[in-house]
Amino acid sequence: MPLTLAEAKVGMADKIDRLVIDEFRRDSFILDKLTFDDAVSPGTGGSTMTYGYMRLKTPSTAEGRAINGEYKAGEAKKEKASTDLKIFGGAFEVDRVLEKTAANSEIQFQLREKIKATKNKFHYDFINGKASKTATDFDGIDKLVTGSSTERIPDAAIDLSTSEAIAANAKEFVLLLDDWLASFDEKPDALLVNSRMKTILCAVARELKYYSQSEDAFGRKVDNYDGIAIVDMGEYYDGKKNVKVIPVNETDGTTDIYAVKFGLDSVHAASPKGGKIIDTYLPDLKAPGAVKKGEVEMIAGLVLKNSKRAGVYRKIKVNAVAAGA
């Protein structure tokens, strides 16, 4: 049965499992809103976990008809699509003496940090994942919308890199943004951006009376552009450095805005049939061994059922670039 993380938590007997689910939801607007269709069964030998579906490409048509006239046939067009579920998360190790003697639980600290890392990994793959490039990734929104009618690539980047540029170009930017959003067949639920783009978008929205605030499930304020949540997708630590999930091009100072509509007929996730979306393996302090190991793990894939319910607006200049850079 399809369910959200909030629904998945209901009925869980294990208090730790419930707390872990809440940490994922609290840390991620995306994971709190996504529906997971738990319908995937492993193939022969359990080696593959593929979610197959039909994606709507072009909607059906309707028209007027004259007496004795016939309708011109115009069928909705769809295509076969699939996503392979991927396994991601991480492990941590804690010495049992450190856990017993620390003022605050080291296991709980490491668990929270691993949840945060797993959430950031999901965010990164949600936008940038390419299964053809990295076998452990599912395809993200960037790949799924490339070449679609909701991918907008202007001839020239609109400049919002300075306060002067914002003042001069804000109205044109909103006109272009609204024109792009009008290419969706339903109003998106979220605009996915980086921190720099969020600051600028909120400023423009306030100036032109498009700004409002709502409240999430945990009582925190959510910034909105014309009723659409503005979500900073944050950063992902790749093992060497922090990288923005939605980057700013260092050469020309441009970035992108993604938009998504959540739902089983729009953008949702897929998960294993009958299994938990998120699993937590905590150390057993009573078991032999001085060093205890814990793990956090998710199994999921991303699904786009309707190509007009996710998209990207590219080439928005948010940083000034020095001449010759």
Side-chain angles (χ1 to χ4, degrees), residues 1-42 49 51 83 85-92 94 99 104-127 129 136-138 140 189-190 192 214-222 229 231-237 245 260 262-264 266-284 292-303:
M1 179 184 71
L3 72 172
T4 63
L5 287 186
E7 293 165 340
K9 189 184 76 168
V10 176
M12 281 185 172
D14 195 310
K15 181 179 179 181
I16 296 296
D17 285 342
R18 296 198 302 272
L19 290 174
V20 169
I21 290 287
D22 273 347
E23 284 295 320
F24 272 96
R25 293 177 57 216
R26 184 181 290 108
D27 263 0
S28 173
F29 179 94
I30 302 298
L31 284 168
D32 188 39
K33 299 298 182 183
L34 267 182
T35 297
F36 289 78
D37 191 359
D38 59 339
V40 180
S41 297
M49 292 184 289
Y51 181 92
T83 183
L85 271 59
K86 303 298 181 179
I87 307 167
F88 52 97
F92 60 88
V94 174
E99 174 64 19
N104 297 303
S105 171
E106 182 68 13
I107 289 175
Q108 291 303 315
F109 169 75
Q110 294 296 340
L111 177 62
R112 285 194 300 271
E113 291 301 305
K114 196 59 65 179
I115 290 170
K116 185 185 299 183
T118 304
K119 176 264 299 182
N120 290 342
K121 166 66 173 170
F122 181 84
H123 279 186
Y124 187 84
D125 289 351
F126 186 92
I127 296 295
T136 55
D137 293 354
F138 51 77
D189 293 314
L192 311 180
S214 54
E215 205 171 80
D216 69 10
F218 298 91
R220 293 170 304 185
K221 298 298 183 183
V222 177
V231 181
D232 178 4
M233 293 297 284
E235 296 182 337
Y236 167 61
Y237 181 66
V245 170
V260 294
F262 298 115
L264 282 176
S266 306
V267 175
H268 69 88
S271 57
K273 186 175 182 179
K276 290 193 297 183
I277 301 165
I278 300 167
D279 284 303
T280 308
Y281 304 92
L282 291 180
D284 182 0
K292 306 299 181 181
K293 186 176 183 179
E295 294 179 328
V296 175
E297 186 170 84
M298 283 188 69
I299 306 175
L302 185 63
V303 179

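- When all heavy atoms are compared, the tightest approach of His268 to Thr35 is CB-O, 3.3 Å.
- Ala91 and Glu295 get closest at one heavy-atom pair: CB-CG, 3.6 Å.
- Contact between Phe138 and Phe88 at its shortest, heavy atoms only, is CE2-CE2, 4.1 Å.
- With a 4.5 Å cut-off on side-chain heavy atoms, Thr118 and Lys116 do not count as touching.
- Rounding to the nearest 0.5 angstrom, the gap separating the OG1 atom in Thr4 from the NZ atom in Lys33 is 9.5 Å.
- Side-chain contact between Val94 and Phe109: absent, with no pair of heavy atoms (C-beta onward) separated by less than 4.5 Å.
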**Q.** Asn120/Tyr237 under side-chain hydrogen bond (donor to acceptor under 3.5 Å, both in side chains): CA gap, chis, key distance, verdict
**A.** CA-CA 8 Å; Asn120 290 342; Tyr237 181 66; over 6 Å; no

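- With contacts defined as side-chain heavy-atom distances shorter than 4.5 Å, the pair Leu31/Arg25 does not qualify.
- Considering only heavy atoms from C-beta on, Val40 stays 4.5 Å or farther from Lys273 through its side chain.
- Counting heavy atoms from C-beta on, the side chains of Leu111 and Val20 come closer than 4.5 Å.
- Judged as a side chain to side chain donor-acceptor pair (under 3.5 Å), and not counting sequence neighbours, the contacts of Glu23 are Arg26.
- For the residue pair Ser105 and Glu99, a side-chain donor N or O sits within less than 3.5 Å of a side-chain acceptor on the partner.
- With sequence neighbours left out, Tyr236 forms a ring pair (Phe, Tyr, Trp, His ring centres under 6.0 Å) with Tyr124.
- Closest non-hydrogen pair, Asp38 versus Pro272, comes out as CB-O, 3.4 Å.
- Proximity of Lys86 to Thr136: side-chain heavy atoms (C-beta onward) are nowhere separated by under 4.5 Å.
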Q | Test side chain to side chain contact (heavy atoms under 4.5 Å, CB included) applied to Lys114 and Gln110, step by step | A | CA-CA 6 Å; Lys114 196 59 65 179; Gln110 294 296 340; 5.9 Å; no

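- For the atom pair Ile30 CD1 and Asp32 CG, the distance stands at 10.0 Å (nearest 0.5 Å).
- Minimum interatomic distance between Gly301 and Thr83 (heavy atoms only, all atoms of both residues): CA-OG1, 4.0 Å.
- Every residue two or more places apart in sequence or in another chain that forms a side chain to side chain contact (heavy atoms under 4.5 Å, CB included) with Lys292 is listed here: Arg96, Pro283, Leu285, Ala287.
- Without hydrogens or angle criteria, Lys293 side chain to Phe92 main chain gives no donor-acceptor distance under 3.5 Å.
- One distance of note links CG of Leu5 with CD1 of Ile277; it measures 5.0 Å at 0.5 Å rounding.
- Looking only at distances, no side-chain donor or acceptor of Glu215 sits under 3.5 Å from a matching main-chain atom of Arg220.
- Classification of Asp137 and Lys121 as a salt-bridged pair holds, one side-chain N sitting under 4.0 Å from a carboxylate O.
- A 4.5 Å side-chain heavy-atom check between Arg112 and Gln108 finds at least one atom pair inside the cut-off.
- Two residues are said to be in side-chain contact when any heavy atoms from C-beta on lie closer than 4.5 Å; Glu235 and Val245 fail this criterion.
- Closest of all the heavy-atom pairs between Phe218 and Asp216 is N-OD1, 2.8 Å.
- Of the possible donor and acceptor atoms, one in the side chain of Asp189 sits under 3.5 Å from a partner among the backbone N and O of Phe262.
- Of the possible polar contacts, none joining the Ser28 side chain to the Phe24 backbone as a donor-acceptor pair under 3.5 Å is found.
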Q | Check against side chain to side chain contact (heavy atoms under 4.5 Å, CB included), Val260 and Leu192 | A | CA-CA 8 Å; Val260 294; Leu192 311 180; 4.2 Å; yes

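- Note that CZ of Phe126 is 5.0 Å distant from CG of Leu302, once rounded to the nearest 0.5 Å.
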